[in-house]
2 protein chains.
Amino acid sequence: MARPRRSPISNPLDAFDLAILKVLQRDNRTSQRVIGDHVNLSAPAVQRRIRRMEGEGVIQANVAVVDPARVGQGLTIIVMVQMENESVELVDKAKREFSEDPNVQQCYYVTGPADFALVVSVEDMADYEEITRRLFFTNGNVKRFETLVVMDRVKVSLQVPINVPG
Amino acid sequence: MARPRRSPISNPLDAFDLAILKVLQRDNRTSQRVIGDHVNLSAPAVQRRIRRMEGEGVIQANVAVVDPARVGQGLTIIVMVQMENESVELVDKAKREFSEDPNVQQCYYVTGPADFALVVSVEDMADYEEITRRLFFTNGNVKRFETLVVMDRVKVSLQVPINVPG
DNA sequence: ATTGAAAATATAGGCGA
DNA sequence: TCGCCTATATTTTCAAT
């Protein structure tokens with residue numbers, strides 16, 4: 001079950017699209033009328049562009065960002081994981097296992113000294129210890145992992161820099 | 001300008017709140033009526049709770065998640081930064097500088113071998129080189145930094161695991 | 001592809017329990 | 001605080017340009 005190597009074919013985004021995305025990335029509850037005023041387009045025009053971009057996967061999701069501390073997940077950990085065997089099969093298996101874990105907020109497959117960088121959201125250290133057991137010690141293919149405890153979530157977003165031409 | 005060490009005082013979240021958050025974290029365009037059906041609450045009740053949680057900062061933002069590749073930011077880099085001097089002033093200065101950079105999507109202040117872990121979104125390696133210049137070489141207080149090139153954004157979210165009691 | 005108007009939906013606010 | 005009811009606003013669809 002390979003994911004598409006590249007994004008599906010679609011019209012390139014124009015300046016209007018980029019301007020709309022820039023707004024929605026910050027606040028996706030901005031009304032289409034307000035966005036329209038801002039980018040000089042009618043509200044329905046804005047709407048059709050949003051729908052198109054959602055369909056094309058340019059907009060991948062619309063989500064509320066929740067403060068982890070307020071739902072009992074006050075500890076963030078970054079884990080650098082090095083695998084024993086880097087065969088495609090085993091790496092894919094690891095990707096799946098990491099992804100499926102609800103405490104793993106982010107998982108990146110990277111070059112360099114580590115193979116994976118994970119961002120993990122947990123209640124406390126005991127909770128994290130539990131997760132390392134589940135994710136790393138049981139795995140068998142994890143050579144070593146390094147735990148970086150987050151003292152300050154200085155900036156946490158999924159925002160992408162967007163330059164609107166014109 | 002210190003940020004509050006803890007979240008502002010507020011009523012603890014009940015099972016309804018958590019259930020609502022769980023939905024909104026996945027799709028914040030779910031209508032209040034549908035959420036209400038799901039959690040067994042009227043739509044206005046759902047609305048009041050959402051507004052309260054937004055006011056209290058439990059819900060920090062409502063955002064669209066954009067595919068970076070589709071807006072010309074196809075390269076993600078993770079950077080582990082080690083500082084020369086870890087004095088509060090200099091660390092705070094670094095926090096500010098990293099945060100303000102639009103290419104820095106995430107910035108964590110961490111314990112361990114590195115002081116900061118950054119997730120950076122860039123167009124290409126040339127773009128990244130530019131940013132390292134701006135962020136690290138100019139800084140003066142950066143002892144060393146390690147670049148991890150992301151080959152696969154296996155899982156990228158800000159979702160927090162929420163367990164709804166009952 | 002855009003506009004403008006009409007219809008359907010969603011959200012906001014008031015009120016009694 | 002809830003649920004119901006009503007008012008406002010927003011999103012959506014459609015006809016026309």
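Computed from a prediction, not measured in an experiment: that's the story for all the values here. Below, read A as the first sequence line, B as the second, and so on, with proteins coming before strands; counting in each chain starts at 1. Hydrogens, waters and symmetry mates are skipped; everything else that's a heavy atom, side chains included, is used.
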Visitor: Rounded to whole angstroms, how far apart are CD1 on I35(A) and P on dT10(D)?
Guide: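 Atom CD1 in I35(A) sits about 12 Å away from atom P in dT10(D).
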
Visitor: Classify the nucleic acid contact of R29(A) as base, sugar-phosphate or nothing, counting any heavy atom under 4.0 Å across all strands shown.
Guide: nothing

Visitor: Considering only NZ, NE, NH1 and NH2 on the basic side and carboxylate oxygens on the acidic side, decide whether R49(B) and D14(B) come within less than 4.0 Å.
Guide: yes

Visitor: Calculate the interatomic distance between D14(A) atom CG and dA1(C) atom P; express it in whole Å.
Guide: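 Taking CG of D14(A) and P of dA1(C), I get 10 Å after rounding.
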
Visitor: Starting from the 5' end of DNA chain D, give me the residue, R48(A) or N40(B), whose nearest nucleotide shows up first.
Guide: N40(B)

Visitor: Would you say Q32(B) reaches dT11(C)'s phosphate, i.e. side-chain N/O to OP1/OP2 under 4.0 Å?
Guide: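 Yes, such a contact exists.
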
Visitor: Among the candidates dG3(D), dG4(C), dT10(D), find the nucleotide nearest to the side-chain atoms of S31(A).
Guide: dT10(D)

Visitor: Check whether any side-chain nitrogen or oxygen of R51(B) sits under 4.0 Å from OP1 or OP2 of dG13(C), and answer yes or no.
Guide: yes

Visitor: Can you check the D37(B) CG to dT9(C) C1' distance for me, whole Å?
Guide: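 Atom-to-atom, D37(B) to dT9(C), this comes out as 14 Å.
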
Visitor: Would you kindly give the CZ-to-C1' distance between R33(A) and dT11(C), to the nearest whole Å?
Guide: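 After rounding, the gap between these two atoms is 15 Å.
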
Visitor: Between atom CZ in R49(B) and atom C1' in dA12(C), what is the gap in whole Å?
Guide: 17 Å

Visitor: Is the shortest distance from a Lys or Arg side-chain nitrogen in D92(A) or R96(A) to a carboxylate oxygen in the other one below 4.0 Å?
Guide: no

Visitor: From CD1 of I20(B) over to P of dT1(D), roughly how many Å is that when rounded to an integer?
Guide: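 After rounding, the reported distance stands at 12 Å.
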
Visitor: Salt bridge or not for E129(B) and R133(B), using N-O below 4.0 Å?
Guide: yes

Visitor: Please give, in whole Å, the distance from dA8(C) P to Q47(A) CD?
Guide: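 From Q47(A) CD to dA8(C) P: 16 Å.
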
